[in-house]
Amino acid sequence: MKRRVLLLVGVVGLAGCVDGVAIPRPPAPTEAGTVVVAFESLDALWVIDPHADEELTPIAVPPELEANAYAFALPPSALQVVPGLVQRPAAPLRLLPATMWSASAGVVDRVLTWSADPVPRPAPRLPLPAFEWSRCLGGGGCAPPRPWDYPYCNSPCPEPPAPSPPAAPTEPEGGAWEMRDGEPIVTAKPDVPCEPHAMQSFGEPHCASVSDCAEDWPAAPPGVLPVVHVDAGAAPGGDGSAERPYRDPADALAMARPAGAVLLRAGTYALPAHLTLEAQTVVGACSERSILQTSGDALIIDASQASLRDLTLPPTHLQSGALTVARVEGTALDRALEVDAGARLTAERLLIRGGAEGIVVHAGAEVTLEDVALEDLTGDGLRLLGGATAGARIVIRRLPASAALRVSGAQATLQSLDVADTAAPVVLSDGAEVRLDDVVLTRTTRDTGVGFLATDSELTLSRALLYNLRGQSFDLREGTTASIQDLVVLDNVPVHHRETIELGRACRLDLKRAFIREDHEGVVRTSDEDTRAVALTDVRIQARHVAPEVSTVVLIESGSLLMRRVRLEGGASDSVDVRETPQPVVLEDLDLEGGKIGVTVDPGVDVTGSRVRARGQLQDGLLFTGFGEVADTLQLLDAEVSGSQGNGININRPAAMTLERFRVSGCASTGILVGPRSSIALRRGEIGGNKVGVALDPAGYTTDEDLVEEVRFVDNETNLTR
């Protein structure tokens, strides 16, 4: 039996009963409409004829019904239905009262598929009545945590919780920073230039040899037999014993059985350009004393569960099979280590220093890295062109002209990544899917260097420290989704004024638990070309700008915005500037201190806010500015604006504002300034210590009867003016 959870209910609206709760019918819009609702189970559809006064007509749902599910995007101007998984709110389902629906209509196209149909049948264009969050909030209700996910309304709204500060980032397991008095202190050790044949592992303060040198013959791994010996200084005609070793490793490999071991004394050994290893283990005295060379540009290897240990390798190309390299140094002319499609490489304690590229992984390869150091290269350090890569404890140093980690169309999971003194630490493109945990990026070598440059990729980043960069931290370009948590960004001083995090078209950002202290022009900026969504949760930003006349801490030019438990300190111009985006804006536990303006909202933006505090702004605390033809919906619950050198709340465009449970105090000019063609409702608040409490434009629509309800005016020079 196939059954999905999509409902197309009614011609005008939804009525019926779900989980024992009555669902009322919305008022009929000016033209016929249909409501789309998703539930976990359904047994019948109800159809309403808007032109006939009759009871609902139930229609049984065929058990083989196949229909795609919807999630919801809900700007107040229109109900938009977008594809996605069914999402049921964690809280019990709340009703959608008729007062929340307006007569305006959006339009959506969707295809329904019945399993009995040989070809899917397109559904007609469906005009939808709009759902307005302001009606929910104005009726004493509360929006859900992310109101664009699911259309339900908490009613009645509970008493407001106390404002909560943002949570501090979780400290990484390997150090990098520690929290002291609510602020991070860098504890990552600076890199130490190592002697030849020594490397610095992630989080270690000192260098250590790549491998320990054997005094005579190296030991074979336990259980690996038989053993063949090779000595570069041996006489010709040996038999592979310790007393009469081979002189040429090719002879030893030809005689060694599969699953056996070839032991190399200290020396330099010549290999052919193409080497085949049949489950053999080659062990040198140590990486600095047992050195392999080849007659070609690179040593081409076809391996079958083979292993190379305690050696220095020439440029190596793994063409096929599975190979393990351990306690090994690699040399690079063009690239030190290259892995072809279908091959599998495991590297354990690997040092590549000098030359061009470090490690190149082609599509279809599988690579596992553990304790790797890539240093002093003229090209990329680790370049992944496809396949899957996993790794831990990777240190990349001194790549002045290229990328430390470049991933194109590949999947990579890396833990404990330390990058310093590179032109571009991390570059992602072409559908890359990258998960990074425990990351330190520092000291880019170019003025335009970017910590993370991503295009059409998916980035998951946790426990990361970015500091002393000369450019921006994140440049997220077209089609990129970034999920970042436990982030610390400190003391980057860009040569060119750029945002810490910049998002392009069709990008999404979910940032949780972050501390950012920057001298950038701004911290978060979206593109004006349809950025999808920005969510900031538990974020603290100390903005120390170098361009006070232009800098904005958070600039949203398109896309939806969620800010929850965010504190912004300083800011030369606007702390939060929301441009003409039609997507929802939700501000919750937003704490702004200093700067020119706390929040600026342009026309065409509908704002829902709770527990918004703006203190000590040089101009206005909250500014709703510009010239718009359509009145915006502005809803603030539990707001506090104080100490502004200009106005507390300034509405100078057509807007319908509801301000409930609020306090506006200590403003040098006007506590609440309402411009023409605007209306405001003030409920259960206090306006005190301002030059003017409330100033209404004479051409405004606000009437005294609609203006105040349980509002106290205290110590204003003038309480109300028109």
Please report the closest heavy-atom contact between R470 and T444, naming both atoms and the distance. N-OG1, 2.8 Å

Using atom types as modelled and distance alone, determine if a side-chain donor or acceptor of S558 lies under 3.5 Å from a backbone N or O of S527. yes

Show every disulfide (SG to SG under 2.5 Å) that has at least one partner inside residues 362-453, sequence neighbours left out. none

Sequence neighbours left out, what passes salt bridge (Lys or Arg N to Asp or Glu O under 4.0 Å) with D538? Give chain and number order. R565

Do you know which of R513, K512, R463 makes salt bridge (charged side-chain N to carboxylate O under 4.0 Å, His left out) with D486? R513

Who passes salt bridge (Lys or Arg N to Asp or Glu O under 4.0 Å) against D371, sequence neighbours left out? R349, R393

Look at atom CZ of R435 and say whether more than 12 heavy atoms of other residues, nucleotides or ligands are closer to it than 6.0 Å. no

Kindly give the heavy-atom pair with the smallest separation between D239 and S241, and that separation in Å. OD1-OG, 2.7 Å

E557 backbone acceptor or donor facing T526 side chain under 3.5 Å: yes

What pairs with H229 under ring pair (Phe, Tyr, Trp, His ring centres under 6.0 Å), at least two apart in sequence or on another chain? W217

Is it the case that the side chains of S408 and R406 hold a donor-acceptor pair, with the cut-off being a distance below 3.5 Å and no angle test? no

Exercise: do E183 and Q542 side chains pair donor with acceptor under 3.5 Å: yes

Is there a donor-acceptor pair closer than 3.5 Å between any side-chain N or O of T346 and the backbone N or O of T324? no

Taking R244 for its side chain and G237 for its backbone only, find out whether a donor-acceptor pair lies under 3.5 Å. yes

Given 3.5 Å as the limit, does a donor-acceptor pair link the side chain of E171 with the main chain of M179, or not? yes

Give a yes or no on whether a salt bridge exists between E502 and R525, defined as a side-chain N under 4.0 angstrom from a carboxylate O. no

State, to 0.1 Å, how close S473 and V450 come at their nearest heavy-atom pair, and which atoms those are. O-CG1, 4.0 Å

Decide yes or no for I301 and L308: does some side-chain heavy atom of the first lie under 4.5 Å from some side-chain heavy atom of the second? yes

Do D530 and R532 pass the salt bridge (Lys or Arg N to Asp or Glu O under 4.0 Å) test, and can you show the C-alpha distance, the side-chain angles, and the key distance before you say yes or no? CA-CA 6 Å; D530 185 29; R532 295 298 173 84; 3.4 Å; yes

Presence of salt bridge, R517 and D491, under 4.0 angstrom: yes

Are any side-chain N or O atoms of Y269 and backbone N or O atoms of A232, one a donor and one an acceptor, separated by less than 3.5 Å? yes

T460 vs V434, test: side chain to side chain contact (heavy atoms under 4.5 Å, CB included). Steps then yes/no. CA-CA 6 Å; T460 301; V434 178; over 6 Å; no

Distance-only donor-acceptor check, side chains S402 and D380, under 3.5 Å: yes

Quick one: pull up CG in L292 and OG1 in T316 and give me the separation to the nearest 0.5 Å. 8.0 Å

Is it the case that T481 and E458 place a side-chain donor and acceptor less than 3.5 Å from each other? no

Checking side chain to side chain contact (heavy atoms under 4.5 Å, CB included) for the pair L436/L405: CA distance, chi angles, key distance, verdict? CA-CA 11 Å; L436 303 175; L405 172 64; 4.3 Å; yes

Find the distance between CG (D528) and CG (L555) and round it off to the nearest 0.5 Å. 9.5 Å

V228 side chain near Y246 side chain, heavy-atom distance below 4.5 Å: yes

Under a 3.5 Å threshold, yes or no: a donor from one side chain and an acceptor from the other, between H197 and E329? yes

Using the rule given for side chain to side chain contact (heavy atoms under 4.5 Å, CB included), can you reason through L562 versus L536, listing the C-alpha separation, both sets of side-chain angles and the distance that settles it, and then say yes or no? CA-CA 6 Å; L562 168 67; L536 308 178; over 6 Å; no

For F452, the ring pair (Phe, Tyr, Trp, His ring centres under 6.0 Å) test, sequence neighbours excluded, returns F474

Heavy-atom closest pair, residues L374 and L399: O-CD1, 4.2 Å

Test item: L417 and V440 side chains (from C-beta on) under 4.5 Å apart, heavy atoms: no

Which heavy-atom pair separates P218 from A214 by the least distance, and what is that distance? CA-CB, 3.9 Å

Any idea which heavy atoms bring S290 and A285 closest together, and the distance? OG-N, 2.8 Å

Answer yes when R397 and D376 have at least one side-chain N-carboxylate O distance shorter than 4.0 Å, and no when they do not. no

Is there a donor-acceptor pair closer than 3.5 Å between any side-chain N or O of T422 and the backbone N or O of P400? no

Exam field: side chain T331 to backbone L313, donor-acceptor pair closer than 3.5 Å: yes

So, does Q280 use its side chain to make a donor-acceptor pair with the main chain of E278 at under 3.5 Å? yes

Give, for atom CD of Q415 and atom CG of L369, the distance between the pair rounded to the nearest 0.5 Å. 12.5 Å

With a 4.0 Å cut-off, would you call D510 and R508 a salt bridge? no

Would you say that P315 contacts D297 through its side chain, given a criterion of any heavy-atom pair below 4.5 Å between the two side chains? no

What I'd like to find out is whether the side chain of T368 reaches to under 4.5 Å of the side chain of T389, using heavy atoms alone. no

Given side chains that start at C-beta, do those of V325 and L345 come closer than 4.5 Å, heavy atoms only? yes

Would you compute the distance between atom OG1 of T500 and atom CG of L466 and round it to the nearest 0.5 angstrom? 9.5 Å

Walk me through it: do V361 and L385 pass the test side chain to side chain contact (heavy atoms under 4.5 Å, CB included)? CA-CA 6 Å; V361 181; L385 301 176; over 6 Å; no

Does some side-chain heavy atom of L350 sit less than 4.5 Å from a side-chain heavy atom of L337? yes

Return yes if a side-chain donor-acceptor contact under 3.5 Å exists between D310 and S287, otherwise no. no

Starting from the C-alpha separation in whole Å, work towards a yes-or-no answer on salt bridge (Lys or Arg N to Asp or Glu O under 4.0 Å) for R335 and E357. CA-CA 4 Å; R335 53 192 57 162; E357 290 187 292; 3.2 Å; yes

Checking T537 side chain against R564 main chain: does a donor-acceptor pair fall under 3.5 Å? no

With no hydrogens and no angle check, do the side chains of D302 and Q319 hold a donor and an acceptor under 3.5 Å apart? yes

Residue list, salt bridge (Lys or Arg N to Asp or Glu O under 4.0 Å) with R443, at least two apart or on another chain: D191, D421

Looking at side-chain heavy atoms only, is the closest gap between R289 and R265 below 4.5 Å? no

Rounded distance (nearest 0.5 Å) linking atom CG of L509 with atom CD1 of I501: 5.5 Å

Rounded to the nearest 0.5 Å, what's the gap from CG on L263 to OG1 on T281? Could you check? 9.5 Å

